[in-house]
Asker: 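Please find one structure pasted underneath; my questions will follow.
Chain identifiers are assigned alphabetically (A, B, ...) following the order of the sequence lines, protein sequences preceding nucleic acid strands; residue numbering begins at 1 within each chain.
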Amino acid sequence: MKYNFNNIEAKWQKYWAENGTFKADNSSDKPKYYVLDMFPYPSGAGLHVGHPLGYIASDIYARYKRHKGFNVLHPMGYDSFGLPAEQYAIQTGQHPSITTRTNINRYREQLDKIGFSFDWSREVRTSSPEYYKWTQWIFTELFDSWYNLQTDKAEKIEGLISKFKTSGTAEVSAVCDEDANSFTAEQWNSFTEQEQEKILLQYRLTYLAETEVNWCAALGTVLANDEIVNGVSERGGHPVVRKKMMQWSMRISAYADRLLQGLDRIDWPEPLKEIQRNWIGKSVGAQVRFNVLSDQTKDDDYIEVFTTRPDTIFGVSFMTLAPEHPLVDKITTAAQKQAVHDYVKATAKRSERERMADVKNISGVFTGAYAEHPFTKKPVPIWIGDYVLAGYGTGAVMAVPCGDSRDYDFAKHFGLEIPNIFEGVDISEQAYSSKDNCKIANSDFLNGLDYKQGTTKVIAALEELNQGYGKVNFRLRDAVFSRQRYWGEPFPVYYVNELPKMIDKQHLPIELPEVEKYLPTETGEPPLGNANSWAWDTERNEVVGNDKIDNQSVFPLELNTMPGWAGSSWYFNRYMDPINANEFASEDSLNYWQDVDLYIGGSEHATGHLLYARFWQKFLFDRGRLAVDEFAKKLINQGMILGTSAFVYRLEGENTFVSKNLISDKSVTPIHVDVSFVNTSEELDLEAFKNWRPEFKDAQFILEDGKYVVGREVEKMSKSKYNVVNPDDICENYGADTLRMYEMFLGPLEQAKPWNTAGITGVHGFLKKLWKLYFDDNGIQVTDQDPSAESLKTLHKTIRKVEEDIENFSFNTSVSTFMICVNELSAQKCNSKSILEPLAILISPYAPHIAEELWAGLGYNNSISTAEFPVFNQEHLVESTKTYPISFNGKMRFTLDLPMDLSKEEIEKIVMDHEKTKTQLEGRIPKKVIVVPGKIVNIVG
RNA sequence: GCUCGAGUGGCGGAAUUGGUAGACGCGCUGGAUUCAAAAUCCAGUUCUUUCGGGAGUGUGGGUUCGAUUCCCACCUCGAGUACCA
C-alpha cells in the first residue's frame, strides 16, 4: 500500500466536515482552551503560503490541547468589510458583497485543503448584518456611557445626568473634552434639551465633534493616526492633509492609563508591548503657566506649557511656541510681525512629511514678546519654532537649553543664553538630559535637590502661586471613528436638529442601503449620500425613503460608516456564541470561555486592532458585559514568510536576455519573472517565459551551458513581484501534511523567513517513511509483539521532546525530532503496536490526515483527534552507561563509555590510565582533573 | 538618533540550568538497485592537515576547569520608532 496523500486527505477532510469533529461545546466537564488566529481580510488574490503559517501553528496547538483533554474553541471567520472590495466596486460596479462572498468562498476552499481543525459552525463575517447588528449595538453602548474618574470606569450616562441635575459639574470628575465648561445644577436645569445634549457629547465615550482629521483626498476618506505611515496613507502611499470635519470619535484616551497598566498582566511579545507603550506615550510632569508680558495685549494672556522636568524651571531662558499656536498672532510685536508671518506661512506650506524629514535644519523666529518667569519674575523671550508640535501637550515649551538637546541646539543656533543649573556638569558642548546622578544648582529654593525632590517641591510651589500643577500627559489621542466609505458598518444614528440620536437596540441592525454609485456625491458627501432610501422613521422605526424626511418624525441618517477596526475589535467574543440573535453573546458562554488563551497573528496590528480591541474589551467589562478586561492572555507574532523573487536580465535597448553569470559589465535591466517558470536549479523555462507576455514572444537569450540562469532576491511576497507561491499547488503535489510540517520546519515561528521549496522533499520523504513503518505492500504490518527496550527509548524521548516543544511553541524542532524517531524506528525494524500507536497520536497535531489514516489502519473507527496524548515515562530512558566526553583544557578529544554508577575517583582513575590520555598529555602532569559524573571529564594542564 | 532582535557549514537551521558545536533537512560527492530513469537504500560532507592532529559559533577582551550560552566594548544586518517637551 502506497502513501496516497491526495486520497487520504480528501477522505479525512470530508469525514471531519460530515461528523462535526471539531465542533466545540459551550459547556463541558473538560477545562476550556481558546486558540485564536487573527481572522483574514478575504482579498481577491487568495491565500499564499505566508498566510497559513500562523494558522498551522495554532492548529497544532489546538489539536494538541484536544489530545490533552481540553474543550478547545478554535474558530475562524472573515474581516470582510474593507477598501479593496469597494475599490473594485467603484471600478466595475459590482456590489462589494458579491466580491466579498466570492473571495470568502475561495479562502474557505484553500483553508479546507490544509486540514485545519476549525469549528466552522462558529464562523463570523464582520460584513454580515447578523454580526454588525452587535457592532452597532456596542457603538450605542459607548454613546450611552461616560468615564467616571472617581470609580475609574465607564458608567451609564444617566448617572452623569443625575449628578448634573443635583449638583452641576461640582461633584463630577470625568474624562471629557478639554473645553468643557463648569456649571451649577440650576444652570443645567435651565438649559434647553438641545444645550444639554451638546454638553453630554463632551462626555460620551463616542462623540460627534469638529475634529482636525487626517484627510486623504486620493482615498476620499479620513484616516486614523495608525493608518498613516511617514505622513502618507499606509494603503497606497497617498498624501494626507489636516482638515477640520464633523466626525465621530472614540474617547480611547479615557483608557490610556489602564491600557498601559494592563500590558503588565498579559503575556504578549515584549516588542509589541513596547510599541503600545510608546503609542500611549505616558509622561509625568507638570503643567506650568507663564504670563505674557506685553504692552499691547491684556495682562490675562498666558502660555501654558507641559514639561516633564519642572525641576529645571530656573534654567528657562526662552519659550518656544508651535507656529500654529493660537497666541502667536496676538502677542507678536509690530516689529516682528512680518518675519513671524513669513515663517508661519512657510511652515504651513511644508507637508508634515517634509517637516519630519528635515530634522537637522534649525529654524524659528522671535515674536518680540516676553513672558514672565513664575519664580524669578524676569522676562523670558518668546520664540516660535517648528520643532515644537502643535498636536502634542499644549503646543508650547519652556526651553531649558542646558537640559534638553533640542532647546540647546535652538539656543546655540540663535545665540540665546544657556544658563547652567546642574551642579558640576559641563554643558559647553551639549545638553545634560539625564534625570539621574545630578543635583540642581543656581535655582533658588531647588538648589541641592535631585530630580525627584526638585519636582515635588517645585510643583507644590507652582500650586501655591496658582501657576501650575502636576500633570500626566498622554500621546494617545482619541480615535476618529467615521469613514467616508460605503463598504463598512452604517452608524445606527439619525439627526434631529443636527444633534445625533441613537436608534434603539431592538431595531438593529440598520442595514447598508443600496446605492447606484460607490463614489462620494457631487456635493462631496460620503457614498451613502447616494442612497435614495436612507432616512429614519421614528414612528414606524424603520428606514424609509429620503423624500419622507420632514424633520418631525422622519429624519436623515448618518452618512459615514465605521472604520475597518470596528468589527475586529470584539469578534473574539462573538465566536463564543456566534448565532445569538438576542445578545452579542450570552452571559453563560462569555463566562465559560472568558478570554483567548492563545492568539496568533502578525505584529503589524500592534497599534491598530490590538489596541482598539483592548479598549472595547475594557469598556464592555466596565459596563458588566464581560468577565475579563483583557481579551487575550498570550499572544504570539508569527514571522512573515518572504518570497524569493526571480529576475531575468534584459540588455539595454534590446529584447535579448543574458543569463545571470554572463552579465559581467553589460548594461542590463533586471525584470521580475514569475517564480513558477524557474526550477530548483535556478534554470528558466524558456518556453513558459516566451508565452508569458506578448513582448517576450520573440525574445533572444544568451545562455550559459545551454541554460538560462535567473537571479534571486528575497522580498515581500506579492502579486506584483511574481513571487507568490500558492499553497494549493503544494497540497496537490505533496499533500497538506507535507505543507504543514514543512512550514513548521522552516524555522522558529516568530522569525521572518524566505519561502524556498528546495527542502520540501525531505519532509515529504519523512512522511513516506513514517507510512512505511505501518504499511507495506501487503497492507498493515503492525503486530502485538512486545517492543524492544530500544524502541521504547526512542518513543519516550520523542514524547518528552515533542511535548516540551509544543508547550514552548518550538514547532520546528519537533519536526526534526519526528524525523529522528522515524529514522531510529525504521533502523530497529519496529512494528510493535505499543510503539506505533502512541506515535500516530504524537504526530497527529502536525500531520492530521496521515495520522487519521494510520489510526484507522490500527483498527480504530473513530477520529484520532481526541485520543489521549501519550504519557512520558522516564524509566525507559534510564541508561547504565554514559559516553563521557574527555576534554583537555575544555576541548573534547575523545569519548569513553563508562558505567553510570562509578564514583568520581573511579572515573578519574580509568581516564588517567587510558592510553589516549597519555598521548594527549605527552608526558605533562595535569594540574587538575574535573569530573562531573554523568556529564563530562575535563583535564587541565 | 533611540528602542528591541539577530550574527553558527554551500543553504534553512539545532544545541534544557555554562558541559561532546554543526542535530534534522536541503544541496553536493561516491556507491547499491535498474537496460535506463524516477523512487528507494547505504556511506561521506565545518575548515585545515605532514592523517598524529590543529583551528573553529561576527570582532576584540573578561569571568570559568570549561563559553554559541554569562559580562564589557566594538562591527554588521534586520525590525520598530522618530523633533513627545
Asker: Of the nucleotides G19(B), U3(B), A85(B), which has the atom closest to the I930(A) side chain?
Answerer: G19(B)
Asker: Is any side-chain nitrogen or oxygen of N473(A) closer than 4.0 Å to OP1 or OP2 of A85(B)?
Answerer: no
Asker: Could you tell me whether R277(A) and D264(A) make a salt bridge, using a distance below 4.0 angstrom between a side-chain N and a carboxylate O?
Answerer: yes
Asker: Using the P atom as the reference point in each nucleotide, state the distance between A67(B) and G19(B) in Å, no decimals.
Answerer: 11 Å
Asker: Taking atom P in both A6(B) and G53(B), compute the distance separating them and give it to the nearest angstrom.
Answerer: 38 Å
Asker: Looking at every strand, decide which applies to K768(A) at a 4.0 Å heavy-atom threshold: base, sugar-phosphate, or nothing.
Answerer: sugar-phosphate
Asker: Taking the P atom in each of C41(B) and U59(B), what is the distance between them to the nearest angstrom?
Answerer: 39 Å
Asker: Taking the C1' atom of each, how far is U16(B) from G9(B), in whole Å?
Answerer: 25 Å
Asker: Contact class for T895(A) vs. all strands (heavy atom < 4.0 Å): base, sugar-phosphate, or nothing?
Answerer: base
Asker: Which of the following nucleotides, U20(B), A85(B), C24(B), is nearest to the side chain of T883(A)?
Answerer: U20(B)
Asker: In the strands shown, is U17(B) matched to any nucleotide by a Watson-Crick or G-U wobble pair with both distances under 3.5 Å, and which?
Answerer: none
Asker: Between A85(B) and G5(B), how far apart are the C1' atoms? Round to whole Å, please.
Answerer: 29 Å
Asker: Look at all strands and tell whether D404(A) reaches a base, only sugar-phosphate, or nothing, counting heavy atoms closer than 4.0 Å.
Answerer: nothing
Asker: When rounded to the nearest 0.5 angstrom, what distance separates OH in Y846(A) from CD1 in I60(A)?
Answerer: 5.0 Å
Asker: Select one nucleotide: of U3(B), A23(B), A85(B), the one nearest the side-chain heavy atoms of V397(A).
Answerer: A85(B)
Asker: Report which part of the nucleic acid K928(A) touches: base, sugar-phosphate, or nothing (heavy-atom distance under 4.0 Å, all strands).
Answerer: sugar-phosphate
Asker: For L611(A) and G80(B), what is the distance between atoms CG and P respectively, to the nearest whole Å?
Answerer: 18 Å
Asker: Please confirm whether the backbone N or O of I427(A) pairs with a side-chain atom of Y408(A), one donor and one acceptor, at under 3.5 Å?
Answerer: yes
Asker: Determine the interatomic distance between P on G10(B) and the same-named atom on U46(B); round to the nearest Å.
Answerer: 10 Å
Asker: Can you tell me how far apart CG (D267(A)) and CG (L635(A)) are? Round to the nearest 0.5 Å.
Answerer: 9.0 Å
Asker: Can you tell me the distance, in whole Å, between the CZ atom of F818(A) and the C1' atom of A14(B)?
Answerer: 16 Å
Asker: Can you tell me the distance, in whole Å, between the CD1 atom of I936(A) and the P atom of A67(B)?
Answerer: 10 Å
Asker: How would you label the contact of N823(A) with the nucleic acid (heavy atoms, under 4.0 Å): base, sugar-phosphate, or nothing?
Answerer: sugar-phosphate
Asker: Base, sugar-phosphate, or nothing for D407(A), non-hydrogen atoms under 4.0 angstrom?
Answerer: nothing
Asker: State whether Q751(A) places a side-chain N or O below 4.0 Å from either non-bridging phosphate oxygen (OP1 or OP2) of A79(B).
Answerer: no
Asker: Under a 3.5 Å limit for both distances, which nucleotide forms a Watson-Crick or G-U wobble pair with A67(B), could you say?
Answerer: none
Asker: Between atom CZ in F318(A) and atom C1' in A85(B), what is the gap in whole Å?
Answerer: 12 Å
Asker: In whole Å, measure the gap between the C1' atoms of G13(B) and G22(B) for me.
Answerer: 10 Å
Asker: Take atom C1' in C83(B) and the same atom in A15(B), then report the distance between them in whole Å.
Answerer: 45 Å
Asker: With respect to the side chain of V388(A), which nucleotide from A85(B), A23(B), G80(B) is positioned closest?
Answerer: A85(B)
Asker: Both distances under 3.5 Å, Watson-Crick or G-U wobble: report the partner of U29(B), or none.
Answerer: A43(B)
Asker: In this structure, how many angstroms lie between the P atom of G54(B) and the CZ atom of F888(A), rounded?
Answerer: 10 Å
Asker: As a test of reading the structure: which of A82(B), G25(B), A85(B) is closest to the side chain of T307(A), going by heavy atoms?
Answerer: A85(B)
Asker: Between the side chains of K772(A) and D776(A), is the shortest nitrogen-to-carboxylate-oxygen separation below 4.0 Å, so that they form an ion pair?
Answerer: no
Asker: Just N and O in the side chain of R277(A): are any of them under 4.0 Å from OP1 or OP2 of U81(B)?
Answerer: no
Asker: Rounded to whole Å, please give me the gap between CZ in F290(A) and P in A85(B).
Answerer: 17 Å
Asker: Would you classify P748(A) as touching base, sugar-phosphate or nothing, given that sugar-phosphate means primed atoms plus P, OP1 and OP2, and contacts are heavy atoms under 4.0 Å?
Answerer: sugar-phosphate
Asker: Taking only the side-chain heavy atoms of R475(A) (C-beta and beyond), determine which of C83(B), A55(B), A82(B) contains the nearest atom.
Answerer: A82(B)
Asker: State the pairing partner of C4(B); accept Watson-Crick or G-U wobble contacts with both distances under 3.5 Å, and report none otherwise.
Answerer: G78(B)
Asker: Return the nearest nucleotide to the side chain of K891(A); candidates are A55(B), G19(B), A21(B).
Answerer: A55(B)
Asker: Taking the nucleotide of RNA chain B with the nearest heavy atom to each, does R800(A) or N278(A) sit closer to the 5' end?
Answerer: R800(A)
Asker: Of all the choices, U3(B), G19(B), A85(B), which nucleotide is nearest to the side chain of V932(A) once you look at every atom?
Answerer: G19(B)
Asker: How should the glycosidic conformation of G54(B) be described, syn or anti, under the criterion that syn lies within 90° of 0?
Answerer: anti
Asker: For N812(A) and for N756(A), locate the closest nucleotide of RNA chain B by heavy-atom distance; then report the residue assigned to the nucleotide nearer the 5' terminus.
Answerer: N756(A)
Asker: Please confirm whether the shortest side-chain N or O distance from S283(A) to OP1 or OP2 of A85(B) is below 4.0 Å.
Answerer: yes
Asker: Tell me what E270(A) touches on the nucleic acid: a base, only sugar-phosphate, or nothing, going by heavy atoms under 4.0 Å.
Answerer: nothing
Asker: Does G52(B) pair with anything, Watson-Crick or G-U wobble, both distances under 3.5 Å, and if so, with which nucleotide?
Answerer: none
Asker: Drop me the distance from M38(A)'s CE to I600(A)'s CD1, to the nearest 0.5 angstrom.
Answerer: 9.5 Å
Asker: Using purine N1 to pyrimidine N3 plus N6-O4 or O6-N4 for Watson-Crick, or N1-O2 and O6-N3 for G-U wobble, both under 3.5 Å, which nucleotide pairs with U57(B)?
Answerer: none
Asker: Quick check: are there more than 12 heavy atoms from other residues, nucleotides or ligands sitting under 6.0 Å from NZ of K471(A)?
Answerer: yes
Asker: Check the chi torsion on G31(B) and let me know: syn if it falls within 90° of 0, anti if not.
Answerer: anti
Asker: Round to the nearest Å and state the distance from E803(A) atom CD to U16(B) atom P.
Answerer: 19 Å
Asker: Cation-pi between R289(A) and Y302(A): NZ/CZ under 6.0 Å from ring centre and within 45° of the ring axis?
Answerer: yes
Asker: Looking at the side chain of Y392(A), which of C84(B), U17(B), U20(B) is the nearest nucleotide?
Answerer: C84(B)
Asker: Please check if the number of heavy atoms outside K909(A) that lie under 6.0 Å from its NZ is greater than 12.
Answerer: no
Asker: Taking the side chain of T761(A) as heavy atoms from C-beta outward, which of C83(B), C24(B), C26(B) is closest to it?
Answerer: C26(B)
Asker: Does the side chain of R893(A) get closer than 4.0 angstrom to OP1 or OP2 of U20(B) through an N or O atom?
Answerer: no
Asker: What residues form a side chain to side chain contact (heavy atoms under 4.5 Å, CB included) with V284(A), not counting sequence neighbours?
Answerer: K282(A), V472(A)
Asker: Under a 3.5 Å cut-off for both distances, is G12(B) Watson-Crick or wobble paired, and to whom?
Answerer: C24(B)
